[in-house]
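To start, the structure itself, in structure tokens.
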Amino acid sequence: MSPYGFSTRAVHVGSSPDPVTGAVIPAISLSTTFAQSEPAKPIGAYEYSRSSNPNRHNLETALASLEQGKYGLAFSSGSAVTAVILQSLAQGSHAISVADVYGGTHRYFTKVANTHGVETSFAQDIVAELAGLIKPETRLVWIETPSNPTLSITDISKVREIIDASDNKNIVLVVDNTFLSPYISNPLTHGADVVIHSATKFINGHSDVVLGIAVTNNESIYERLSFLQNAVGAVPSPFDSWLAHRGVKTLALRVRTAAESALKIAQFLEKSDKVQAVNYPGLSTHAGYDVVKKQHRDALGGGVVSFRVKGGAEAAAKFTSSTKLFTLAESLGGIESLLEVPAVMTHAGIPKEAREKSGVYDNLVRLSIGIEEVEDLIEDIKQALEAATAN
Ligand SMILES: *Cc1c(COP(=O)(O)O)cnc(C)c1O
């Protein structure tokens, strides 16, 4: 365990000066193959770039340290991490997931994993329902906290306790920590077996790389995922690994700013008479706030806020096309603020009834808060709310 704090590790782990040239920042290693001195005796630590690459290795080492895990693995996207984890399950396995999971994860569970003989049960309230859903074939429990886009909080240690109290000793607990980043929460320390990220979001943080990360302390899980990483070949390029690693170095600065601004924006929205409801886990009125206090650094709520604008789908559409600083676009976690309407964009693939059960109504707007001046962002929201609710 490193004695250093978060940002010290973010800057230094996996980023030593080059021993040959002295370059302070690691070079981008584009070579696909690496020389050997005799058959099967590579000169250095690398053989072939799909199996392992210096830039990917640096990034994996940095993320493992930041998530307080032993082993890190990088993939070509967050979705590739999901695919590889589900691929690691034998036919006939059963998985349990929170219902308001990332849209692409829901799609993978219901349209891909099932064709390989892996069935998934979805829980609206996983802490309440989990014990009753575990079967002898259950191999995986999948949670996302805060959930997307309604930002409900799951108590990871409670889920761990329920799994440990069951007769089934073969269940792996996976936490998708994309929305918080390792700066705000480290799920492995609360009982997760694997923590995963779409590094496309906060970890890279500049909306210019698609990449996924998995971190674990469990050696046999690591061996299996590492085998599949190479066998499936869904690996990030050296350049993308290098960019994401650069992003990691400012993660704490970006995420703290985004979270502090998000709280001010959520407080502003809560007071607005043009808003029906606000979801933000950093608000002391949030249903999961007690869990936030123990599970999140400094009770930070993260950089994503969602709210229901009065006036239905039409007002939501008007609001999202009236902002000047917030760009209407999918994704989140970048330095620039974005917004979207989940019901018709990221979550359009989920049937309306299931969507609304999870709180994803037609007038729900999701904001991803960037690092712009918060006063400017609030001003922008204010004028867009006026435009959206004027007749
Ligand atoms: C974006 C996202 C994913 C998928 O990651 P990609 O990098 O887009 O493949 C998975 N989970 C969450 C919570 C996400 O936001």
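In this chain, residues are counted from 1 in sequence order. Counting starts at 1 for both ligands and their atoms, following the listed order.
Cation-pi geometry between Arg297 and Tyr183 is met: under 6.0 angstrom from the ring centre, within 45 degrees of the axis.
A salt bridge is defined here as a Lys NZ or Arg NE, NH1 or NH2 lying under 4.0 Å from an Asp or Glu carboxylate O, and Arg160 with Asp155 fails to meet this definition. Electrostatic pairing of Arg256 and Glu260 counts as a salt bridge here, judged by a charged N lying under 4.0 Å from a carboxylate O. Salt-bridge check for Asp273 with Lys310: failed, with every basic side-chain N at 4.0 Å or more from each acidic carboxylate O.
For atom 3 (C) of ligand 1, the nearest non-hydrogen atom of the protein is Tyr102 CE2, 3.3 Å. Closest protein heavy atom to atom 15 (O) of ligand 1: Lys201 NZ, 2.7 Å.
Using a 30° and 60° split on the angle between ring planes, Tyr222 and Tyr71 fall in the parallel class, below 30°.
Residue contacts with ligand 1: Ser198 is placed with a nitrogen or oxygen under 3.5 Å of a nitrogen or oxygen of the ligand (distance criterion only). Every N/O-N/O distance between Val210 and ligand 1 stays at or above 3.5 Å. Considering backbone and side-chain atoms together, Asp176 places an N or O closer than 3.5 Å to an N or O of ligand 1.
For ligand 1, the atoms lying closer than 4.0 Å to a non-hydrogen atom of Ser79 are 4 (C), 5 (O), 6 (P), 9 (O). The ligand atoms of ligand 1 that sit less than 4.0 angstrom from a heavy atom of Gly78 are 5 (O), 6 (P), 7 (O), 9 (O). Of all atoms in ligand 1, numbered sequentially from 1 with element shown, those under 4.0 Å from a heavy atom of Glu144 are 13 (C).
Between His106 and Phe122, the distance from one ring center to the other falls under 6.0 angstrom.
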